[in-house]
**Student:** 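Got a structure here, written out as structure tokens. Questions coming.
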Amino acid sequence: MEEKALLGFYEALEQASEDMLQAARNGDWDRVVKLEGACAVLISQLKHAASQCELAPEEAKVKGRIMRRILHNDAQIRYLAEPWLEDLDRLLAGTPKSIH
């Protein structure tokens, strides 16, 4: 496998994380979950590809930048999801939402 193909998996994962973030910003949690499933497939493919190819130092730097953006997107998604998850927990527990 070529390094460019391997970087393509990282780039696809980055794009999926950006799409997830946009869906989270729009409050489209069904799409977030759907994209999360697509990310799981990409991660599986990436693991397989990475086991067959090692990145050169320059490509490794690109990978590092991509991974930082993915982690940043993930942190923002988690921040946006917190209120939604709290509402879901309350709903599942049968506790009404408090109004202040």
Side-chain angles (χ1 to χ4, degrees):
M1 166 162 286
E2 290 185 28
E3 294 170 356
K4 298 244 185 249
L6 182 55
L7 274 179
F9 282 109
Y10 286 103
E11 291 166 347
L13 191 57
E14 177 187 16
Q15 184 59 56
S17 78
E18 288 175 8
D19 293 345
M20 284 177 64
L21 178 55
Q22 189 57 51
R25 286 178 176 152
N26 293 337
D28 188 352
W29 299 106
D30 289 336
R31 180 154 169 74
V32 171
V33 170
K34 187 177 189 182
L35 288 166
E36 188 176 30
C39 283
V41 171
L42 282 170
I43 290 168
S44 175
Q45 292 171 337
L46 173 62
K47 285 179 181 178
H48 177 72
S51 71
Q52 298 180 354
C53 178
E54 190 170 316
L55 294 174
E58 191 58 38
E59 282 80 15
K61 287 180 186 177
V62 172
K63 171 193 161 190
R65 286 192 294 269
I66 290 170
M67 293 303 296
R68 283 189 293 279
R69 288 191 295 263
I70 290 169
L71 291 172
H72 176 75
N73 291 345
D74 183 65
Q76 288 186 342
I77 292 164
R78 290 177 189 276
Y79 175 77
L80 292 168
E82 281 181 23
W84 180 77
L85 291 171
E86 288 173 6
D87 288 346
L88 182 61
D89 283 345
R90 276 193 292 275
L91 179 67
L92 292 174
T95 308
K97 185 175 182 177
S98 61
I99 300 174
H100 297 272

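Quantities reported herein were computed from a predicted structural model and do not represent experimental measurements.
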**Student:** Once you round to the nearest 0.5 Å, how far does CG of Leu6 lie from CD of Glu11?
**Tutor:**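 That separation rounds to 10.0 Å.
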
**Student:** What heavy-atom pair brings Leu55 and Ala60 nearest, and what distance separates the two atoms?
**Tutor:**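 Distance-wise, the nearest heavy atoms are CB-N, 4.0 Å.
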
**Student:** Shared ILVMFWY cluster between Leu21 and Leu71, side chains joined below 4.5 angstrom?
**Tutor:**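 No; tracing contacts between hydrophobic side chains, which count when under 4.5 Å, never links both residues.
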
**Student:** Output the distance between atom CD (Gln15) and atom CD1 (Ile70), rounded to the nearest 0.5 Å.
**Tutor:**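 Nearest 0.5 Å value for the CD-CD1 distance: 10.5 Å.
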
**Student:** Atom CD of Gln76 and atom CE of Met20: how far apart are they, to the nearest 0.5 Å?
**Tutor:**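 Atom-to-atom, Gln76:CD and Met20:CE are 12.5 Å apart.
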
**Student:** With sequence neighbours excluded, tell me which residues meet side chain to side chain contact (heavy atoms under 4.5 Å, CB included) with Ala75.
**Tutor:**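 For Ala75 there are no side chain to side chain contact (heavy atoms under 4.5 Å, CB included) partners, ignoring immediate neighbours.
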
**Student:** Can you see which heavy atom on Leu7 is nearest to which on Lys63, and at what distance?
**Tutor:**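 So the minimum-distance heavy-atom pair works out to CD2-N, 4.1 Å.
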
**Student:** If you look only at pairs with a residue in residues 66-77, which of them pass as a salt bridge (charged side-chain N to carboxylate O under 4.0 Å, His left out), with sequence neighbours excluded?
**Tutor:**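 Non-adjacent pairs meeting salt bridge (charged side-chain N to carboxylate O under 4.0 Å, His left out): Glu14-Arg69, Asp74-Arg78.
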
**Student:** Please report the C-alpha distance between Trp29 and Leu80 in whole Å, then the side-chain angles of each, then the deciding distance to 0.1 Å, and finally whether the side chain to side chain contact (heavy atoms under 4.5 Å, CB included) criterion is met.
**Tutor:** CA-CA 10 Å; Trp29 299 106; Leu80 292 168; 4.0 Å; yes

**Student:** Would you compute the distance between atom CD of Gln22 and atom CD1 of Ile77 and round it to the nearest 0.5 angstrom?
**Tutor:**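 Gln22 CD to Ile77 CD1: 10.5 Å, rounded to 0.5 Å.
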
**Student:** Ignoring hydrogens, what is the shortest heavy-atom contact between Leu42 and Ala16? Give both atom names and the distance.
**Tutor:**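 Of all heavy-atom pairs spanning Leu42 and Ala16, the closest is CD1-CB, 4.2 Å.
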
**Student:** Working to the nearest 0.5 angstrom, can you tell me the gap between Asp30 CG and Leu35 CG?
**Tutor:**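 Taking CG in Asp30 and CG in Leu35, the distance rounds to 11.0 Å.
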
**Student:** Please walk me through it: do Val62 and Arg65 pass side chain to side chain contact (heavy atoms under 4.5 Å, CB included)?
**Tutor:** CA-CA 5 Å; Val62 172; Arg65 286 192 294 269; 3.3 Å; yes

**Student:** Could you tell me the separation between the OH atom of Tyr10 and the CD atom of Glu59, rounded to the nearest 0.5 Å?
**Tutor:**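 The CD atom of Glu59 is 12.0 Å from OH of Tyr10, to the nearest 0.5 Å.
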
